[in-house]
Amino acid sequence: MSVLVFTGTRPEIIKMAPVIKRLEAAGIDFVYIHTGQHYDYEMSQVFIEELGLPRPHFVFRLEGASPASQLGEMMIYVDKVVGSLRAKPRLTLVEGDTNSVLGTALASLRLGIPIGHVEAGLRSYDWRMPEEHNRRMVDHISDYLFAPTELARRNLEEEKVMGEIYVTGNTVVDALDMYFDRVVEVEAKVLEGVKFDEYVLVTLHRAENVDDVKALKSFVEILRKLPIPAVYPIHPRTRRMLAEFGLLGLVESFGHVQLLPPQGYFEFLALLKNARLVLTDSGGVQEEATHPRIRKRVLVLRSSTERPEAVGAGFAKVVGLNPNVVLAELEKALSAGDDLPTVSPFGDGRASERIVEVVKRVL
Ligand code: UD1
Ligand code: UDP
């Protein structure tokens, strides 16, 4: 087994899926490890099943909830897994900027296994975000940096990272291409479950938005005043924090907001495809909105984005969480029409192909 492939959370499974598929097609031996950072069926296994991925060879059972204990546990697990293999792996592949990426990359570094970082070079320059810490650290210990865009490459060059940089595109585009037919298959059924003819799609889960009571209250205020119905699949972290701050009952009482559990990938994309527009703080959703089969305007409920390409192309606008600002921007976006580019700034759907070409060469 020459390659270790890691996932830890929902977006990592989705974005690593095209790479895993291509490794399989190329007949490259790999060990697939899910760190268990996301552990609920609807946040992890559902994607492994829907996307037709192999069963992970190892799934960690993380006991601690804090980032420090999770990072420590992951590193110890990686040590044990590598110790149990007959030969030392020749490459580790990680995707994105989560704690799982940092923990597994750091463990690989100490074991002397070269690291390939998929989706390298993103920068929000917002040092409040754990993702910004993670992506910076991992980029600087990676041997192969798969930058989705030219801008990501420039970010890496400016920081003088040590590894080799390849501009590949983002595998999120590959995933949408690969699985789009399945989205169309479930579309009618998904829409049957939506209570409204017309809706905005809402998601929110960033720590800086949901763990802060003031920010979360602003979000609830935005929901309350929406001029158009909303469909809102709630991330488990947000559900927990809404309950903790005593806001869940209020949100549940809004007749114009349909709350849903976290959705499967095809189901979520069907909702996205049929939405008027999107209010989100998600990274992946900002990218998916630019796909030629989706093409939606996005209001980014944050003060920064590490995906300025979506803004530059005219799809996204960073609007923060001030209700007055967001609602004014929403009115503008709703009347702006659908004159959006037909090409995604995040790639041509061949990112996973380019990444696996490099993997072959490394091996
Ligand atoms: C993590 C990533 C974030 C990514 C997001 C994708 C970090 C620092 N954050 O955020 O970058 O955008 O995943 O969704 O790595 N929980 C459950 N069930 C689960 C998973 C989480 O109930 O299956 C709840 C738990 O209360 C947990 C909390 O959500 O403590 C936060 O989970 P965690 O994985 O730490 O962070 P996310 O907010 O999911
Ligand atoms: N997604 C999903 N179901 C949902 C919400 C999101 O399948 O209910 C998918 C979405 O299509 C995208 C990814 O999950 O591919 C984004 O994950 P998330 O917003 O949790 O994390 P981020 O991208 O911000 O790291």
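When a ligand or atom number is given, it counts from 1 through the structure's own listing order. Below, each value reflects all heavy atoms present in this structure, side chains not excepted, and no hydrogens, waters or symmetry copies. Just so you know, residue 1 is the first one in the sequence shown, and it goes up from there. Model, not experiment: these values are computed from the prediction.
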Problem - Residue-ligand contact A65/ligand 1, heavy atom below 4.0 Å - result: no
Handout entry: Nitrogen or oxygen of H205 less than 3.5 angstrom from that of ligand 1
Key = yes
Practice task
Answer side chain, backbone, both or neither: which part of P233 comes under 4.0 Å from ligand 2, heavy atoms only.
Solution key: side chain
Practice task
Counting heavy atoms only, name the option from E12, E287, Q263, E288 that's nearest to atom 3 (N) of ligand 2.
Solution key: Q263
Practice task
State the atoms of ligand 1, each with its element, that fall below the 4.0 Å cut-off from a heavy-atom position in R206.
Solution key: 11 (O), 12 (O)
Practice task
Please report which non-hydrogen protein atom sits nearest to atom 7 (C) of ligand 1, along with the residue it belongs to and the distance in Å to one decimal place.
Solution key: Q37 NE2, 3.6 Å
Completion exercise
Of all protein heavy atoms, the one nearest atom 17 (C) of ligand 1 is Y39 OH, 3.2 Å
Exercise for the section: Examine the proximity of ligand 2 to K15 and report which part, side chain or backbone, both or neither, has a heavy atom under 4.0 Å away. Expected result: neither
Practice task
Compute the minimum heavy-atom distance from G264 to ligand 2 and say whether it is under 4.0 Å.
Solution key: yes
Exercise for the section: May I ask you to check whether S2 and R90 show a side-chain donor-acceptor distance below 3.5 Å? Expected result: no
Handout entry: Contact atoms of ligand 1, heavy-atom distance to M43 under 4.0 Å
Key = 23 (O)
Practice task
Between N99 and ligand 1, find which residue part has any heavy-atom pair under 4.0 Å and reply side chain, backbone, both or neither.
Solution key: both
Practice task
Report the part of E267 in contact with ligand 2, treating N, CA, C, O as backbone and CB onward as side chain, heavy atoms under 4.0 Å; options are side chain, backbone, both, neither.
Solution key: neither
Exercise for the section: Tell me whether the centres of the aromatic rings in Y232 and F219 are closer together than 6.0 Å. Expected result: yes
Exercise for the section: Tell me yes or no: between the side chains of R128 and S303, is some donor less than 3.5 Å from an acceptor? Expected result: yes
Handout entry: Heteroatom distance test (R240, ligand 1): nitrogen or oxygen, under 3.5 angstrom
Key = yes
Practice task
Can you figure out which of Q45, E42, R237, M129 has its heavy atom closest to atom 31 (C) of ligand 1?
Solution key: R237
Handout entry: Region of S100 that comes within reach of ligand 1 [heavy atoms, distance under 4.0 Å]
Key = neither
Practice task
State whether the shortest distance between N or O atoms of P262 and N or O atoms of ligand 2 falls below 3.5 angstrom.
Solution key: no
Exercise for the section: Below 4.0 angstrom from a heavy atom of H235, which ligand 1 atoms are there? Numbered from 1 as shown, please. Expected result: 14 (O), 37 (P), 38 (O), 39 (O)
Exercise for the section: Please indicate whether any nitrogen or oxygen in V172 is less than 3.5 Å from any nitrogen or oxygen in ligand 2. Expected result: no
Practice task
Decide yes or no for K273 and R293: does some side-chain heavy atom of the first lie under 4.5 Å from some side-chain heavy atom of the second?
Solution key: no
Problem - Within-shell test, T203 vs ligand 2, heavy atom, strictly < 4.0 Å - result: no
Fill in the blank from the handout: Logged contact type for Q70 with ligand 1, heavy-atom cut-off 4.0 Å, is neither
Problem - Identity and distance of the protein heavy atom lying nearest atom 18 (N) of ligand 1 - result: D40 OD2, 2.8 Å
Problem - Shortest protein heavy-atom distance from atom 21 (C) of ligand 1, along with the residue and atom involved - result: H38 CD2, 4.0 Å
Problem - Protein heavy-atom partner closest to atom 11 (O) of ligand 1 - residue, atom, separation in Å - result: E131 OE2, 2.6 Å
Fill in the blank from the handout: Among E131, R206, R10, closest by heavy atom to atom 22 (P) of ligand 2 is R206
Problem - Identity and separation of the nearest protein heavy atom to atom 13 (C) of ligand 2 - result: I14 CD1, 3.9 Å
Practice task
Examine the side chains of Y179 and E185 and answer whether a donor and an acceptor come within less than 3.5 Å of each other.
Solution key: no
Exercise for the section: Using a strict cut-off of less than 4.0 Å between a Lys/Arg side-chain nitrogen and an Asp/Glu carboxylate oxygen, indicate whether E198 and R276 qualify as a salt bridge. Expected result: yes
Practice task
Give me the ring orientation class for H235 and H205: parallel if the planes are under 30° apart, tilted from 30 to 60°, perpendicular past 60°.
Solution key: parallel
